[in-house]
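Read through the structure below, which is laid out as structure tokens, and then see the notes.
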Protein chains: 2
Amino acid sequence: MFNIEDIRAQWAKQRPDIDTAPMATIGRVVRLSALLCEQMSKTHEKHGLNSASFDVLATLLRSGPPYALSPNDLLATMMVTSGTMTNRIDQLEKDGLVERVRNPKDRRSVFVQLTETGRKIIDAAVTDHVMVQRNLVEGLSDEDLATLNGILDKGLAALSQD
Amino acid sequence: MFNIEDIRAQWAKQRPDIDTAPMATIGRVVRLSALLCEQMSKTHEKHGLNSASFDVLATLLRSGPPYALSPNDLLATMMVTSGTMTNRIDQLEKDGLVERVRNPKDRRSVFVQLTETGRKIIDAAVTDHVMVQRNLVEGLSDEDLATLNGILDKGLAALSQD
DNA sequence: CCATTTTATCTTGATGTCAAGATAACCGCA
DNA sequence: TGCGGTTATCTTGACATCAAGATAAAATGG
């Protein structure tokens, strides 16, 4: 519908002083990310999940048996606030996909554990999800992917320091 | 804190059947996008804006004099719903940065036009914004940026068809 | 010229998120 | 033992967004 080079052309006309080369690349990264998320989200919804709940369940699954992590562990890997995590867990618990299990060693904390239903659902959803991801990058060769990983890592390195 | 290769290693252990190569690249794109947006957002806030209002004002600015577009034009370029756009314009109007001007040719529609205050603010914010963008990509060479643009365009082409 | 369809914008109610703060339990050290 | 600081989780209120539908004006086409 509208592309980034058109936007650069507009800026060149209205604000010829500015350097739009960084914008050209950043714009592509942000746009591509949004489109990828939109597509992946459709898959999650097919399994009765949204992206947020998929993320929580997938994190539990890949942690391996007994599929239990604390809310604190979960929010640290997901870069969301504690209030957001409480809400996500509440929803998943209401749907019977996880349960809160008390931690006998520390009564402040709980474990969020996949139920059997939750494990089955996320197992299937992940299988579907990775197939969709394969399709989403099918326009790119293995070499493209490797090149992309390398350059993106350079960009990530500059931003992830802390 | 945690990186994408660690996540792949977890999956390799728990679900050795799945192909995580696409995930490795998609994960990097999405993560980098989030970090870039976070940084850019800080700049917007310095000018009393959020990312949403910056987007609207910048779109008006780059459209050139008379800095006026319809809500419909704006929401089309921004991929948000009409309700969201109504809300964004309401906020900006309340802050005196834009005003709604009736379209004499079509009484269903209005123009959203930058006020003089709004024009000054977005002009300064854009100047700042592009400098920040330059800093955000400073870890990448011009060649990296060009390579990245090329590969991202391939990915975008596959997803933007409609 | 009227009825129907389309277009442009706004309204409403639900949801997911955050920031800030509340609550409760744990820890270290006197 | 007990007190101050820290940690883990939850609560609250505000906000941006969306989907669905309401409203009003314009375009279409018999």
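No experiment lies behind these values; they were computed from the predicted model shown. Within every chain, numbering begins at 1; the chains are lettered A, B, ... in the order of the sequence lines, protein sequences first and strands thereafter.
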Item to check | Heavy-atom check, side chain of A:T117 versus side chain of A:L97, under 4.5 Å | outcome: yes
Next on the checklist: Among A:L152, A:L35, A:V30, exactly one meets side-chain contact (heavy atoms from CB on, under 4.5 Å) together with B:V29. Which residue is that?
Outcome noted: A:L152
Next on the checklist: Can you tell me if B:E116 has over 12 outside heavy atoms packed within less than 6.0 Å of its CD?
Outcome noted: yes
Checklist entry - Are the charged groups of B:R100 and B:D90 less than 4.0 angstrom apart, N to O? => result yes
Checklist entry - Should the heavy atoms of other residues, nucleotides or ligands under 6.0 Å from CG of A:D17 be counted, would the total exceed 12? => result yes
Item to check | Contact pattern, 5' to 3', of nucleotides 7-23 of chain D - B, S or - by protein heavy atom under 4.0 Å | outcome: BSSBB----SBBS----
Checklist entry - For residues 31-44 of chain A, which residues have at least one heavy atom under 4.0 Å from DNA chain D? => result none
Next on the checklist: I'd like to know if A:D144 pairs up with B:K154 as an ion pair, taking the criterion as any Lys NZ or Arg NE/NH1/NH2 lying under 4.0 Å from an Asp or Glu carboxylate oxygen.
Outcome noted: yes
Item to check | Residue list, side-chain hydrogen bond (donor to acceptor under 3.5 Å, both in side chains) with B:R28, at least two apart or on another chain | outcome: A:D153, B:E5
Next on the checklist: Which residue in the set B:T43, B:I122, B:T59 passes side-chain contact (heavy atoms from CB on, under 4.5 Å) when paired with B:F54?
Outcome noted: B:I122
Checklist outcome for this item: Between CG of B:N103 and P of C:dT7 the distance, given in whole Å, is 17 Å
Checklist entry - Separation of A:L92 atom CG from C:dT15 atom C1', in whole Å? => result 14 Å
